[in-house]
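Have a look at the structure below before the remarks.
This structure is a prediction, so every number in the text was calculated from the model and none was measured.
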Amino acid sequence: MRKFIIMGIQGSGKGTQAKLLAEDLDLEHVSVGDIFRWNVQHHTKLGAQVKRIMASGHLVDDDLVEAVVKVRLAEHDWNFGFIIDGFPRNARQAEFFLESYDIDGVINLYLPDEEVTRRVLSRRLCSQCGLDYNLMAHRPQTPDTCDVCGGALVARADDNPEALAIRLSQYHEETKPLIEIFERKEFVATVDATKPVNEVQAAIRQRFSLPQHVGG
């Protein structure tokens, strides 16, 4: 059984890299952001709470994030392991997590702030089916329209310069010390996330002696 944490600022490709690993290695991809977005799209009580926080540019508080992660991992649908994306975000969450699970490794995707801004402000989401687009790499055939369902493409509520500036500041304040905590345990692989997707994936697998992706 393999259990990984994948870390990196928004726009660093955490979701893409986690999905590639999960598909090949039969891992369950647990994305805290996806769980929150699903609740927002389905207008749940949790979704309404998260929407207010995200729109203001702030991170969801520790208690709420921990509760969501506990419930998700308690489902025990991860027979071969999991890769968790978006958690932990600070030292308190890391302590909670390491007390509960033996982790095989932490993947840290490094991306400079200026590249974060460029990538994040190019993201779009289909308002109907939820498909992700990036106007730099995955443009729709018809501007502002989803190729799959024809829904309108919109920016996420928290993908604006003001909210992004807050997130960058919070990330550097809280998450860098967290990476240092993990590094003391000598199982962090920092990977250059400015490289193409297949090169980043190959570097991750090489660092953790995982089988290379077929065709990449």
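- Residues meeting the side-chain contact (heavy atoms from CB on, under 4.5 Å) test with I181, sequence neighbours left out: A91, R184.
- Checking side-chain atoms of S169 against main-chain N and O of I166 turns up no donor-acceptor pair under 3.5 Å.
- Here the two rings, on F208 and F187, have centers that are 6.0 Å apart or farther.
- Atom NE2 of H172 is separated from atom CG of D113 by 3.5 Å, given to the nearest 0.5 angstrom.
- Applying the ring-ring contact (aromatic ring centres under 6.0 Å, His included) test to residues at least two apart or on different chains, none of the pairs has a partner in residues 148-169.
- Not a single donor-acceptor pair under 3.5 Å links the side chain of Q128 to the backbone N or O of G150.
- Residues satisfying the side-chain hydrogen bond (donor to acceptor under 3.5 Å, both in side chains) test with N134, not counting sequence neighbours, are none.
- Residues meeting the side-chain hydrogen bond (donor to acceptor under 3.5 Å, both in side chains) test with E114, sequence neighbours left out: none.
- Taking V148 as the reference, L131, C146 meet the side-chain contact (heavy atoms from CB on, under 4.5 Å) condition, with sequence neighbours excluded.
- Under the salt bridge (Lys or Arg N to Asp or Glu O under 4.0 Å) criterion, no residue pair touches residues 136-154, with sequence neighbours excluded.
- One distance of note links CH2 of W78 with CZ of R2; it measures 15.0 Å at 0.5 Å rounding.
- Between L121 and P161 the shortest side-chain heavy-atom distance falls below 4.5 Å.
- A donor-acceptor pair under 3.5 Å is formed between the side chain of T44 and the backbone N or O of G47.
- Listed by chain and number, the residues in a side-chain hydrogen bond (donor to acceptor under 3.5 Å, both in side chains) with R156 are D132 (sequence neighbours excluded).
- A donor-acceptor distance shorter than 3.5 angstrom exists from the side chain of Q212 to the backbone of A202, with no hydrogens or angles considered.
- Here the side chains of L153 and P140 are in contact, with some heavy-atom distance below 4.5 Å.
- At least one side-chain heavy atom of L21 sits under 4.5 Å from a side-chain heavy atom of Q201.
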For residues 26-33, which side-chain donor-acceptor pairs fall under 3.5 Å, sequence neighbours excluded?
| from | atom 1 | to | atom 2 | distance (Å) |
| --- | --- | --- | --- | --- |
| E28 | OE2 | R72 | NH2 | 3.0 |
| H29 | NE2 | D85 | OD2 | 3.3 |
| S31 | OG | D34 | N | 3.0 |

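- Evaluation of the side-chain contact (heavy atoms from CB on, under 4.5 Å) rule for V68 yields I35, F36, L46 as partners, not counting sequence neighbours.
- In this structure, the side-chain hydrogen bond (donor to acceptor under 3.5 Å, both in side chains) partners of E115, at least two apart in sequence or on a different chain, are R118, R119.
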**OP:** Could you give me the CA-CA distance, side-chain angles and deciding distance for L135 and R123, then say whether side-chain contact (heavy atoms from CB on, under 4.5 Å) is met?
**Re:** CA-CA 6 Å; L135 301 184; R123 296 194 304 196; over 6 Å; no
Do any side-chain atoms of residues 96-112 form donor-acceptor pairs under 3.5 angstrom with protein atoms, and if so which ones, sequence neighbours left out?
| from | atom 1 | to | atom 2 | distance (Å) |
| --- | --- | --- | --- | --- |
| S100 | OG | F96 | O | 3.1 |
| D104 | OD2 | K3 | N | 2.6 |
| N108 | ND2 | T190 | OG1 | 3.1 |

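- Shown here are the side-chain contact (heavy atoms from CB on, under 4.5 Å) partners of A203, two or more places apart in sequence or in another chain: V191.
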